[in-house]
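A short write-up of the structure that comes next.
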Amino acid sequence: MNVYDGERMAELMAAQGLTAAADAGSADLVVLNTCHIREKATEKVYSDIGRLRKHGKDPMIAVAGCVAQAEGEEIVRRAKVDVVVGPQAYHNLPQLVADAAAGKAALDTDMPIASKFGALPRRRKVGPSAFLTVQEGCDKFCTYCVVPYTRGAEVSRPFAAIVDEAKALVDAGAREITLLGQNVNAWDDAEGTGLHGLIAALDRIEGLARIRYTTSHPNDMREGLIRAHAEVEKLMPFLHLPVQSGSDRVLKAMNRSHSRDSYLRILDRVRAARPDIALSGDFIVGFPGETDAEFEATLSLVDAVGYAQCFSFKYSPRPGTPAADMADQIAAEVMDERLQRLQASLNRHQAAFNAATAGRTCPVLIERTGKLPGQMLGKSPWLQSVHLLTDAKIGDLIDVEIVRADPNSLSGVQRARVAA
Ligand code: SAH
Ligand code: SF4
């Protein structure tokens with residue numbers, strides 16, 4: 001979502017006549033779009049600001065994103081930046097930059113009722129795989145998470161605005177659209193269309209070849225969406241469905257509102273609808289009070305599912321969240337060791353999933369040039385990176401036989417161009 005927001009801010013500034021600098025060191029204005037989800041991401045902002053001040057040409061600095069939202073004026077005090085703008089107010093960036101240039105205070109962390117999206121320019125030029133935010137915010141309040149505080153309450157963008165933006169993206173060069181939301185499968189409207197209804201509308205857009213969506217919450221995995229995986233050919237066989245832990249006690253303490261078992265049952269239904277679906281998830285190790293046995297439950301869940309790829313994190317206490325004040329915070333060494341074990345297991349599963357693709361022929365969407373002459377890089381339906389030598393162009397969809405599977409990517413040979 002930060003990639004999407006960054007693109008939209010760049011479009012806004014371009015509409016003001018600004019052009020992109022070659023690098024941060026030569027820029028007159030630097031917009032840092034920030035993440036507050038874990039402490040490390042937050043601290044990075046301050047080191048980046050320090051580096052810009054030291055090596056850049058003392059640019060105007062705007063801090064956007066969730067660190068801006070959470071820390072507000074504190075950033076101005078700590079790092080003397082020129083503009084602070086929250087994730088729901090970035091349509092005001094041009095005005096804030098103008099205010100700062102005129103020596104006025106420029107801070108906007110409002111969460112207005114009218115959404116920012118209406119104030120953003122139309123999409124003009126995008127790559128073959130584009131993002132489209134359809135839902136923002138979260139009402140679920142997992143006890144470790146800052147998102148409900150930094151992104152605000154759960155809001156769905158209107159159906160018509162999304163379909164319009166999707167068409168504009170396709171006109172601007174997109175062949176694949178990934179629908180985005182903190183809980184994207186909670187997207188809905190007054191008619192109860194649901195994410196599957198939105199996907200059905202996008203399915204009808206000529207020129208669009210692939211649809212994806214991320215991130216989903218287990219509790220919002222409705223029957224219609226599961227069925228869409230069986231019925232909508234453009235919907236790619238990939239589901240990112242974070243579980244966080246395999247222990248019911250930990251899930252309850254996290255306020256996750258799904259259990260190990262209910263999660264596994266959802267995956268069974270998804271696999272029944274789309275047997276080749278690639279599964280993905282997020283995990284947190286070292287949540288306060290997590291015992292060895294509870295961590296083992298996470299490892300056994302990973303084995304039970306057989307994920308294609310995952311993200312895994314050490315628990316990071318976030319100021320203002322309930323878990324930050326819980327007893328039994330886990331020692332750093334224990335978290336390190338657990339993360340290593342979990343990642344070793346996830347890597348094994350990913351390698352096995354990739355190995356199972358070897359020998360198959362599948363459509364690959366070419367996204368960019370590779371490092372070697374004539375080499376191109378694309379994505380399989382299961383979101384694996386595929387390298388190949390081809391004269392196909394960026395945006396082409398070609399049939400590729402997978403001839404080699406490595407732990408992190410595949411190599412293939414072109415078979416045919418796919419009509420789309
Ligand atoms: N809404 C999605 C996740 C969005 S946040 C969901 O609930 O599934 C992305 C991921 O960051 C989460 O899935 C979680 O694994 C991780 N995360 C969030 N807060 C964290 C924290 N305090 N420490 C470590 N990881 C965290
Ligand atoms: Fe954070 Fe996701 Fe939980 Fe919402 S559902 S609080 S975004 S982890």
Side-chain angles (χ1 to χ4, degrees), residues 1 3-8 10-11 121-134 157 159 161-181 184 187 195-196 198-215 228-229 231-240 274 276-278 280 308-309 357 360-370 374-402 409-420:
M1 190 171 283
V3 171
Y4 175 86
D5 289 342
E7 286 170 3
R8 306 304 316 258
E11 288 164 353
R122 193 171 166 85
R123 314 301 309 263
R124 287 191 197 283
K125 192 174 177 305
V126 292
S129 178
F131 289 133
L132 202 181
T133 294
V134 302
R157 287 181 67 188
F159 178 89
I162 296 168
V163 175
D164 268 0
E165 189 171 328
K167 286 181 179 156
L169 285 170
V170 172
D171 289 345
R175 308 283 327 266
E176 170 178 283
I177 291 179
T178 302
L179 305 175
L180 299 179
V184 70
W187 183 88
L195 189 67
H196 57 284
L198 187 58
I199 288 170
L202 265 49
D203 186 40
R204 290 192 286 272
I205 298 178
E206 214 176 307
L208 181 64
R210 292 178 160 189
I211 303 167
R212 301 181 185 275
Y213 61 96
T214 199
T215 290
H229 276 286
E231 293 167 359
V232 181
E233 211 182 312
K234 289 182 186 176
L235 184 59
M236 291 294 101
F238 189 95
L239 174 63
H240 181 68
R274 182 76 205 225
D276 72 334
I277 198 153
S280 161
Q309 53 167 273
T357 330
R360 287 179 76 155
T361 296
C362 63
V364 167
L365 177 62
I366 302 295
E367 293 184 1
R368 56 192 171 90
T369 53
Q375 191 188 44
M376 301 298 273
L377 264 168
K379 290 271 164 53
S380 78
W382 308 282
L383 207 64
Q384 298 145 299
S385 291
V386 183
H387 307 253
L388 74 161
L389 295 171
T390 173
D391 57 5
K393 305 273 172 298
I394 291 174
D396 284 352
L397 196 58
I398 58 176
D399 261 345
V400 173
E401 183 183 337
I402 306 302
S409 66
L410 307 173
S411 309
V413 175
Q414 180 169 354
R415 285 291 170 241
R417 218 161 281 262
V418 178

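Atoms considered below: every heavy atom in the structure, side chains included; atoms not considered: hydrogens, waters and symmetry mates. All residue numbers refer to positions in the sequence shown, counting from 1.
- The heavy-atom pair separating Asp164 from Arg122 by the smallest distance is O-NH1, 4.5 Å.
- For His229, the ring pair (Phe, Tyr, Trp, His ring centres under 6.0 Å) partners at least two apart in sequence or on another chain are Tyr213.
- Put simply, the side chain of Ile211 does not reach to within 4.5 Å of the side chain of Ile177, judged on heavy atoms.
- In this structure, CD1 in Ile277 is found 10.5 Å from CE in Met236, a value given to the nearest 0.5 Å.
- Note: Glu401 CD to Arg360 CZ = 12.0 Å, rounded to the nearest 0.5 Å.
- Side-chain contact check for Pro128 versus Ile394: some heavy-atom pair is nearer than 4.5 Å.
- Closest approach of Met376 and Ala392 over heavy atoms only: CE-O, 3.6 Å.
- Phe238 and Pro381 get closest at one heavy-atom pair: CB-O, 4.4 Å.
- Considering only heavy atoms from C-beta on, Asp391 comes within 4.5 Å of Gln414 through its side chain.
- Using a 4.5 Å heavy-atom threshold, the side chains of Arg212 and Leu383 count as touching.
- In this structure the side chain of Gln384 never reaches within 4.5 angstrom of the side chain of Ser409, judged on heavy atoms.
- Between Thr215 and His240, the shortest heavy-atom contact is OG1-CD2, 3.4 Å.
- A distance of 12.0 Å separates CZ of Arg415 from OG1 of Thr390, quoted to the nearest 0.5 Å.
- Residue Thr214 is tested with Leu180, Leu179, Leu239 for a side chain to side chain contact (heavy atoms under 4.5 Å, CB included); the sole match is Leu180.
- The nearest pair of heavy atoms linking Arg175 to Gly207 is NE-O, 3.4 Å.
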Inset, instruction - Starting from the C-alpha separation in whole Å, work towards a yes-or-no answer on salt bridge (Lys or Arg N to Asp or Glu O under 4.0 Å) for Lys379 and Glu367. - result: CA-CA 7 Å; Lys379 290 271 164 53; Glu367 293 184 1; 3.4 Å; yes
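- Note: Ile199 CD1 to Leu235 CG = 5.0 Å, rounded to the nearest 0.5 Å.
- Contact annotation: the side chain of Leu388 approaches that of Ile398 to within less than 4.5 Å [non-hydrogen atoms, C-beta and beyond].
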Which atom pairs, one a donor and one an acceptor, fall under 3.5 Å between side chains of residues 165-173 and the rest of the protein, sequence neighbours left out?
from   : atom 1 : to     : atom 2 : distance (Å)
Glu165 : OE1    : Tyr4   : OH     : 3.4
Glu165 : OE1    : Arg8   : NH1    : 3.4
Glu165 : OE1    : Arg157 : NH1    : 2.9
Glu165 : OE1    : Arg157 : NH2    : 2.9
Glu165 : OE2    : Tyr4   : OH     : 2.7
Glu165 : OE2    : Arg8   : NH1    : 3.3
Glu165 : OE2    : Arg123 : NH1    : 3.4

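- Nearest heavy-atom pair across Val163 and Ile205 is O-CD1, 4.3 Å.
- You'll find the side chain of Pro363 reaches within 4.5 Å of the side chain of Arg210, heavy atoms only.
- Using a distance-only test at 3.5 Å, with no hydrogens or angles considered, a donor-acceptor pair links the side chain of Lys234 to the main chain of Leu208.
- Put simply, CG on Asp203 and CD on Glu233 are 8.5 Å apart, with the number rounded to the nearest 0.5 Å.
- The structure places CG of Leu377 at 8.0 Å from CD1 of Ile366, a figure rounded to the nearest 0.5 Å.
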